[in-house]
Amino acid sequence: MKESRFDISSAGLHILGMVLMLMDHTWATIATDYAWLTWAGRIAFPIFAFLTAEGYFRTKNFKGYLGRMFLFALLSEIPFNLMMSGGSRAFYPLHQNVLFTFIIALLIMRCIDKIRDKGKIALTMFFSGALLLVGWLLGSFLFVDYYGAGVVTVLIFYFFHERKWWSFLLQAICLYYVNTEMLGGLTVPVELFGQSFEFHQQLMALLALIPIWLYRGRKGSESILFRFACYFFYPAHILLLVALMLLGVHF
């Protein structure tokens, strides 16, 4: 694919997402006084949600892709549980790590494509809506990270995957709804031009659309080592931060 001065590769998106996720998790563990870290961290999840949908479209081996995701979801669960419980619990059933969010989304996308292969538009539209609801319910009741809204976020990038202006617009509208109505979260009072209003911290997630829209399909790295380093980064950085937290390190 022809490179552009203004594009970002898949590898670049992964690195950006990992840096932002590290910032968010650093705030959650050893730097709780620096709220700007979690504000920046809000940008990470939509990037990884997009990469999950993109990976689904590009993989030639869905079972292998799903299997790797499941393996690292299992490897990440104890470190994630320790982080979410402040280092006190290796088993924490009320919150599962984000890779399980992506697994649910992958299974929903696969089901929709199986139905689409039958070639009946009305049937596909009906079941797409029904499976979107199923994904939201599974994400919510299984307590995966970002809950049902996380699954929906991946599916937004699945449904509006084309590089068209209307697809970008619908991504922005849907992400705005997900992050303000479904996720909500902390708000900060802001005064602008004499008017006061509440700014949703979660709206920072919409900034993820800038690097996502700059992506034009370039991989940036063909290395298998880089691919697995991206998977290992998730449990490894959480385990390191938990260890520092238990040692009493705090900034």
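Counting only residues at least two apart or on different chains, the ring-ring contact (aromatic ring centres under 6.0 Å, His included) pairs with a member in residues 98-128 are Phe45-Phe102.
Here the shortest heavy-atom pairing between Lys219 and Ser9 reads O-CB, 3.6 Å. Contact detail for Ile47 and Ala208: the closest heavy-atom pair is CG1-CB, 3.8 Å. Annotation for Gln96 and Leu142: closest pair NE2-O, 2.5 Å, computed over non-hydrogen atoms. Contact record, Leu209 with Ala172: CD1-CA, 3.7 Å, taken as the closest heavy-atom pair. Ser10 approaches Tyr215 most closely through the heavy-atom pair N-CE1, 3.6 Å. What you find for Leu20 and Ala40 is that their closest heavy atoms are CD2-O, 3.5 Å.
To the nearest 0.5 Å, atoms CD1 (Ile156) and CG (Leu175) are separated by 4.5 Å. One distance of note links CD1 of Ile210 with CG of Leu16; it measures 10.5 Å at 0.5 Å rounding. Atom CE of residue Met83 and atom OG of residue Ser76 lie 10.0 Å apart, to the nearest 0.5 angstrom. The line from CD1 of Ile108 to CD1 of Ile103 is 13.0 Å long, rounded to the nearest 0.5 Å. For the atom pair CG (Leu107) and CD1 (Ile112), the distance works out to 11.5 Å, reported to the nearest 0.5 Å. The distance from atom CD of Glu77 to atom CG of Leu75, rounded to the nearest 0.5 Å, is 11.0 Å.
For the pair Leu82 and Leu246, the minimum side-chain heavy-atom distance is 4.5 Å or more. Side-chain contact check for Phe226 versus Ile15: some heavy-atom pair is nearer than 4.5 Å. Between Val154 and Met109, the closest side-chain pair of non-hydrogen atoms falls below 4.5 Å. The shortest distance between side-chain heavy atoms of Gln171 and Phe157 falls below 4.5 Å. Counting only heavy atoms from C-beta outward, the side chains of Tyr34 and Met23 never approach each other to under 4.5 Å. Contact annotation: the side chain of His200 never approaches that of Asn179 to less than 4.5 Å [non-hydrogen atoms, C-beta and beyond]. Between Leu13 and Ile8 the shortest side-chain heavy-atom distance falls below 4.5 Å. In this structure, Asp113 and Tyr56 have side chains that are in contact, with non-hydrogen atoms separated by less than 4.5 Å.
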_Go through it in stages, so that I can follow the logic: the residues are Met18 and Phe48, the test is side-chain contact (heavy atoms from CB on, under 4.5 Å), and I'd like the CA-CA distance, side-chain angles, deciding distance and then a yes or no._
CA-CA 9 Å; Met18 287 189 290; Phe48 287 116; 4.0 Å; yes
*Show the numbers, then the answer: is there a side-chain contact (heavy atoms from CB on, under 4.5 Å) between Asp24 and Arg42?*
CA-CA 7 Å; Asp24 189 37; Arg42 299 303 89 204; 2.7 Å; yes
*Take Leu241 and Ile30 through the side-chain contact (heavy atoms from CB on, under 4.5 Å) test and state the conclusion after the steps.*
CA-CA 7 Å; Leu241 289 171; Ile30 61 173; 3.9 Å; yes
*Going through the checks in order, is the ring-ring contact (aromatic ring centres under 6.0 Å, His included) test met by Phe168 and Phe160?*
CA-CA 7 Å; Phe168 291 159; Phe160 309 121; over 10 Å; no
*Applying side-chain contact (heavy atoms from CB on, under 4.5 Å), run through Phe80 and His95 and close with a yes or a no.*
CA-CA 9 Å; Phe80 183 81; His95 207 157; 3.8 Å; yes
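Classified by interplanar angle (parallel below 30°, tilted 30° to 60°, perpendicular above 60°), the ring pair Phe228/Phe232 is tilted. Below 30°, between 30° and 60°, or above 60°: for His237 and His25 the angle between ring planes is below 30°, a parallel geometry.
Geometrically, Arg110 engages Phe62 in a cation-pi contact, judged by NZ or CZ lying under 6.0 Å from the ring centre and within 45° of the ring axis.
Between the side chain of Thr26 and the main chain of Ala31, no donor-acceptor pair closer than 3.5 Å is present. The backbone N or O of Arg163 lies less than 3.5 Å from no partner atom in the side chain of Ser167, so there is not a single donor-acceptor pair. Remark: the backbone N or O of Ala73 is paired with a side-chain donor or acceptor of Asn97 at under 3.5 angstrom. Ser85 places a side-chain N or O within 3.5 Å of a backbone atom of Asn81 that can act as its donor or acceptor partner. Between the side chain of Tyr65 and the main chain of Thr52, a donor-acceptor pair closer than 3.5 Å is present.
Taking hydrophobic clusters as Ile, Leu, Val, Met, Phe, Trp and Tyr residues chained together by side-chain heavy-atom distances below 4.5 Å, Trp166 does not share a cluster with Met125. Cluster membership for Phe91 and Ile238, using ILVMFWY side-chain heavy atoms within less than 4.5 angstrom, is not shared. Residues Val242 and Phe233 share a single hydrophobic cluster, defined by chaining ILVMFWY side chains whose heavy atoms lie under 4.5 Å apart. Hydrophobic cluster membership is shared by Phe141 and Tyr92, with clusters built from Ile, Leu, Val, Met, Phe, Trp and Tyr side chains linked at under 4.5 angstrom. Note on Phe72: it does not cluster hydrophobically with Leu225, by side-chain heavy-atom contacts below 4.5 Å among ILVMFWY residues.
The closest side-chain donor-acceptor pair between His250 and Thr32 falls under 3.5 angstrom.
For Tyr158 and Phe57, the ring centers sit closer than 6.0 Å to each other.
Other residues, nucleotides and ligands contribute more than 12 heavy atoms inside 6.0 Å of the CG atom of Leu247. Atom CG of Leu94 is surrounded by more than 12 heavy atoms from other residues, nucleotides or ligands within 6.0 Å.
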